[in-house]
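Working notes, beginning with the structure itself.
Both backbone and side-chain heavy atoms feed into the values below; hydrogens, waters and symmetry mates do not. Sequence positions, counted from 1, serve as the residue numbers for this chain. Just follow the structure's listing: the first ligand is 1, and inside any ligand the first atom is 1.
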Amino acid sequence: MSRPKVLLLGKIDHAHDAWSTIADIADVIKPKSTNRADFIAECQSGALDGISVAYRTFDSVSVTGKIDSELLDHLPKTIKFLCHNGAGYDQIDVQACTAHGVHVSNTPTAVDDATADVTIWLLIGALRNLPIGIHALRAGKWRGYPPPALGHDPQGKILGILGMGGIGRNVAAKARAFGMRIRYHNRSRLSPELEEGAEYVDFETLLRESDVLSLNLPLNPSTRHSIAAPQFALMKPGIVIVNTARGAVMDEAALVDALASGQVSSVGLDVYENEPEIHPGLLANPSVLLVPHMGTWTQETQQKMEEWTIDNVRMAVKEGKLKSIVPEQKSLQAA
Ligand SMILES: O=CC(=O)O
């Protein structure tokens, strides 16, 4: 019997030992292409024929483009599993994968601590006006007393969390240590054990009453621009917003307007609507805290994410199922 074939889209940077175990159970194929047109031609040439499982990284989008219907039409019909290294899988059209019989996995839980840590860092930094101080110091404008804009303490403030999955709950746990009062909105209310005292509120109440809003929801067609001009208008004036989810869950141009009017006093952002481009209005604003998509950017977490993805590849090859199939496809896989 011929050996299973696994397609590697992107590269393994950390979990080399775990990846080497895949070579024991399957032939690994790496595409030669460096752009979508060539990749499609490579599929058409038959070079990838017979693959049943693919491992993909976030950066491999530069080779394949989005995993959409067009691409799936060109991939060999033998592909049944797509193992994505990352928590967010907005580069993948899951509906199209389902229609093509491809099951998709991501890396939940592996990213929770690192992403929540950066969320808290951005939250405290934005709340305390640290960017203004940092800019003043670097511009040689520090005269021995802090710049005039006073920050705010987190203690007693309402933190509204939009999206209470693993990352949202981890943010809540960490924010409690800073004395914040936690409220959340989610597609569905959590069990009391998962809520751990966080108060479930409707979306509008979350917007109207939060002092700080943390965006921790996945990006998909129904969450795109969840926060746009009408939502900014409902918010408590002077709110602080933190986004470590995906840029496009918020309308970046409307955010720039809300900052200019003072409706939003500051933001801490790890993600942007058109990465790696950043709206010039954000770059020009000294009171916003911006980092370049570094939520999971630690040695330990990158290693965990690769190992998690490799576990999915191994299960797909050996058992024909995934360790962490994405929620939209849960019903397609028997427990
Ligand atoms: O952005 C990081 C991830 O989706 O894992």
Problem - Side-chain H-bond candidate by donor/acceptor type, Y184 with E195, under 3.5 Å - result: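 Side-chain D/A pair, Y184 to E195: present.
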Problem - Any side-chain donor near an acceptor of the partner, Q329 and Q333, under 3.5 Å - result: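 No.
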Problem - From G86, A114, G88, G295 - option closest to atom 4 (O) of ligand 1 by heavy atom - result: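 When every heavy atom of G86, A114, G88, G295 is considered, G88 comes closest to atom 4 (O) of ligand 1.
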Handout entry: Winner among H293, M294, E275 once heavy atoms are compared against atom 2 (C) of ligand 1
Key =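 The residue whose heavy atom sits nearest atom 2 (C) of ligand 1 is H293.
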Handout entry: Ion pair K32/D38, N-O distance below 4.0 Å
Key =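 Looking at D38 together with K32, the answer is no, because their closest N to O distance does not fall below 4.0 Å.
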Handout entry: Ionic contact status for R208 with E204, cut-off 4.0 Å
Key =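 Salt bridge flag = yes for R208 with E204.
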Practice task
Give yes if a backbone or side-chain nitrogen or oxygen of R246 is under 3.5 Å from a nitrogen or oxygen of ligand 1, and no if not.
Solution key: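 Right, the criterion is met.
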Handout entry: Heteroatom distance test (A87, ligand 1): nitrogen or oxygen, under 3.5 angstrom
Key =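 Such a contact does occur with ligand 1.
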Practice task
Any atoms of ligand 1 less than 4.0 Å from a non-hydrogen atom of M305? List them with their elements.
Solution key: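 In order of numbering, the contacting atoms are 5 (O).
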Exercise for the section: Check K66 against R36 and note the closest heavy-atom contact, atom names and distance. Expected result: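 Closest approach of K66 to R36: O-NH1, 2.8 Å.
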